[in-house]
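It should be emphasised that the depicted structure is a prediction, and the values quoted were computed from it without experimental measurement. Positions are given from 1 along the sequence.
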Amino acid sequence: MPGIAIVEDEYIVALDIKSFLERSGYRVSGMFSSGEELIRRFEELQPELILMDIKIRGELDGVETARLIHDRYFTPVVLLTAFADDETVARAKITQPFGYILKPFEERELRTAIEIALYRAAMEKRLRESEERYRSLFNEGISGNFLADADGTLIDANPAFRKLVGLGSEDLPLGRLEELFADQAAWESFRDTLASGRRFELAALPLRGEGGQELLVLANAAAILA
C-alpha cells in the first residue's frame, strides 16, 4: 500500500490520523512535528503522499513545506488545517495542494481526499514521463525537428535542425520559418497547406542551409489544431 507521511505537531491528533490510516490499509511512512524533520528524512522514506497541518513547529510552516515538497519531489500534499482565512488559502493555492481539508474532519472525507490525491498524482506522473519521452525523442533525434506557431515564428528546434539550417547554438534566437525557405512560393505553399489542415509527407522543401546554400530537404509536417 502507498506510504503516507503525517506532519502534525499535536501528538494526539497525529496518533488519531495514524490509527485511521492503518485501519484503512495504508502504510504510515512516518510522523513529524515540523517540516524540517520531514525534509531531512524525505529521501530515506520516499512517502507517496503527505498529510500536512499548516501550523506546525519549526521555521517552515505547512504551506512553505508543501511548496518545497512540490518543487523538489512532485509528491502530493493534502493540507489538514483549522485555518481557512483568505490569506492562508491564497498562500496554499500557490503550492498546488492535492486537497485542503478543514479540521475537524470526518474519516470518510479524509479517505476520499487521499484516494483522489493518489490517483491524480499517478496520472500526473504518467504525463510527466510521457512529456520527458517526447522531449528526449525531439531533442536527440538525428532528423531535424522544429515547432512553429501559426504566424510562422519558430518556437523550438532540436540541435539537428539548428545545424541543418545554420541556426547555431541553443542560446541564439530561432527567428521565423519563412526566412529559412530558399523560395517564397515554396514557403507560401507550405504555409497554406498546413493552414488548411492538410499534412506534408516526404515533401521536398527548398531551404537555406548554413552559409546560405540551398538545401533540398525531405520533410514531414502537420499543423497541431487546438
Side-chain angles (χ1 to χ4, degrees), residues 42-43 46 48-50 63 66-77 90-99 116-226:
F42 198 95
E43 296 284 353
Q46 292 292 315
E48 296 171 67
L49 176 70
I50 314 295
V63 173
R67 184 190 67 78
L68 292 173
I69 294 297
H70 175 271
D71 292 348
R72 294 180 186 180
Y73 306 109
F74 300 106
T75 301
V77 174
R91 288 183 62 225
K93 285 165 60 178
I94 297 174
T95 71
Q96 302 179 45
F98 282 59
I116 290 175
L118 290 171
Y119 176 79
R120 178 182 156 195
M123 294 300 101
E124 291 191 1
K125 180 180 179 182
R126 289 174 61 183
L127 179 60
R128 286 196 304 272
E129 290 172 347
S130 176
E131 290 174 343
E132 289 168 1
R133 285 195 298 270
Y134 162 77
R135 174 54 57 182
S136 177
L137 289 171
F138 183 90
N139 282 335
E140 298 173 13
I142 60 174
S143 62
N145 301 319
F146 72 88
L147 293 172
D149 64 18
D151 295 325
T153 300
L154 286 160
I155 56 178
D156 203 358
N158 72 341
F161 185 80
R162 283 179 172 272
K163 182 177 181 180
L164 178 70
V165 297
L167 285 174
S169 62
E170 293 184 11
D171 58 343
L172 295 177
L174 288 166
R176 293 181 55 79
L177 184 59
E178 178 181 2
E179 298 168 355
L180 302 180
F181 275 75
D183 181 271
Q184 183 65 23
W187 157 248
E188 292 174 357
S189 173
F190 179 82
R191 178 198 61 198
D192 294 345
T193 297
L194 294 182
S196 69
R198 289 176 290 162
R199 300 168 58 93
F200 269 92
E201 295 183 357
L202 294 179
L205 300 179
L207 301 182
R208 289 192 178 93
E210 187 172 6
Q213 76 273 24
E214 184 172 328
L215 304 173
L216 196 61
V217 177
L218 287 179
N220 294 312
I224 301 174
L225 303 177

Handout entry: Minimum heavy-atom distance Pro206-Asp183, with the two atoms named
Key = CG-CB, 4.0 Å

Problem - CZ-CD distance between Arg126 and Glu131, expressed to the nearest 0.5 angstrom - result: 13.0 Å

Exercise for the section: State the CG-CG distance between Leu180 and Leu164, to the nearest 0.5 angstrom. Expected result: 9.0 Å

Problem - Verdict with reasoning, Arg67 to Val63, per side chain to side chain contact (heavy atoms under 4.5 Å, CB included) - result: CA-CA 6 Å; Arg67 184 190 67 78; Val63 173; 5.8 Å; no

Practice task
Specify the closest pair of heavy atoms between Ile142 and Ala160, including all atoms of both residues, with the distance to one decimal.
Solution key: O-CB, 3.7 Å

Exercise for the section: Determine, step by step, whether Ile155 and Phe146 satisfy the side chain to side chain contact (heavy atoms under 4.5 Å, CB included) criterion, reporting the C-alpha distance in whole Å, the side-chain angles of both residues, the deciding distance to 0.1 Å, and the verdict. Expected result: CA-CA 8 Å; Ile155 56 178; Phe146 72 88; over 6 Å; no

Completion exercise
Rounded to the nearest 0.5 Å, the CG atom of Leu216 sits from the CG atom of Leu205 at a distance of 8.0 Å

Handout entry: Nearest heavy atoms of Asn145 and Leu137, plus distance in Å
Key = ND2-O, 3.9 Å

Handout entry: N/O donor-acceptor pair under 3.5 Å between Asp151 side chain and Thr153 backbone
Key = no

Fill in the blank from the handout: Minimal heavy-atom distance between Ala121 and Phe98, with the atoms involved, is N-CE2, 3.6 Å

Practice task
Side-chain contact test, heavy atoms from C-beta onward, threshold under 4.5 Å: evaluate it for Ile50 versus Thr75 and give yes or no.
Solution key: yes

Exercise for the section: Fit a plane to each ring of Tyr73 and Phe42, take the angle between them on a 0 to 90° scale, and name the class: parallel (under 30°), tilted (30 to 60°) or perpendicular (over 60°). Expected result: parallel

Exercise for the section: Would you kindly check if the NZ (Lys) or CZ (Arg) of Arg128 is within the cone defined by 45 degrees around the ring axis of Phe74 and under 6.0 Å from the six-membered ring centre? Expected result: yes

Problem - Chi angles and distances behind the side chain to side chain contact (heavy atoms under 4.5 Å, CB included) call for Ser189, Thr193 - result: CA-CA 6 Å; Ser189 173; Thr193 297; 4.2 Å; yes

Problem - Gap between atom CG of Leu177 and atom CZ of Phe181 - 0.5 Å precision - result: 5.0 Å

Handout entry: salt bridge (charged side-chain N to carboxylate O under 4.0 Å, His left out) between Asp156 and Arg162, worked out
Key = CA-CA 10 Å; Asp156 203 358; Arg162 283 179 172 272; over 6 Å; no

Handout entry: Exam field: side chain Asn220 to backbone Ala203, donor-acceptor pair closer than 3.5 Å
Key = no

Exercise for the section: Indicate the atoms forming the closest heavy-atom contact of Arg120 with Gln96, along with that distance. Expected result: NH2-O, 4.3 Å

Problem - Which atom of Arg198 lies closest to which atom of Leu194, heavy atoms considered - result: O-CD2, 3.6 Å

Exercise for the section: Output the distance between atom CD (Glu178) and atom CD (Glu188), rounded to the nearest 0.5 Å. Expected result: 7.5 Å

Exercise for the section: Give the intermediate values and the outcome of side chain to side chain contact (heavy atoms under 4.5 Å, CB included) for residues Leu147 and Leu154. Expected result: CA-CA 6 Å; Leu147 293 172; Leu154 286 160; over 6 Å; no

Problem - Value rounded to 0.5 Å, distance of CG in Leu174 from CG in Leu167 - result: 6.0 Å

Exercise for the section: Could you tell me whether Asp149 and Arg176 make a salt bridge, using a distance below 4.0 angstrom between a side-chain N and a carboxylate O? Expected result: no

Exercise for the section: State which residues pass salt bridge (charged side-chain N to carboxylate O under 4.0 Å, His left out) with Arg199; sequence neighbours excluded, sorted by chain then number. Expected result: Glu201

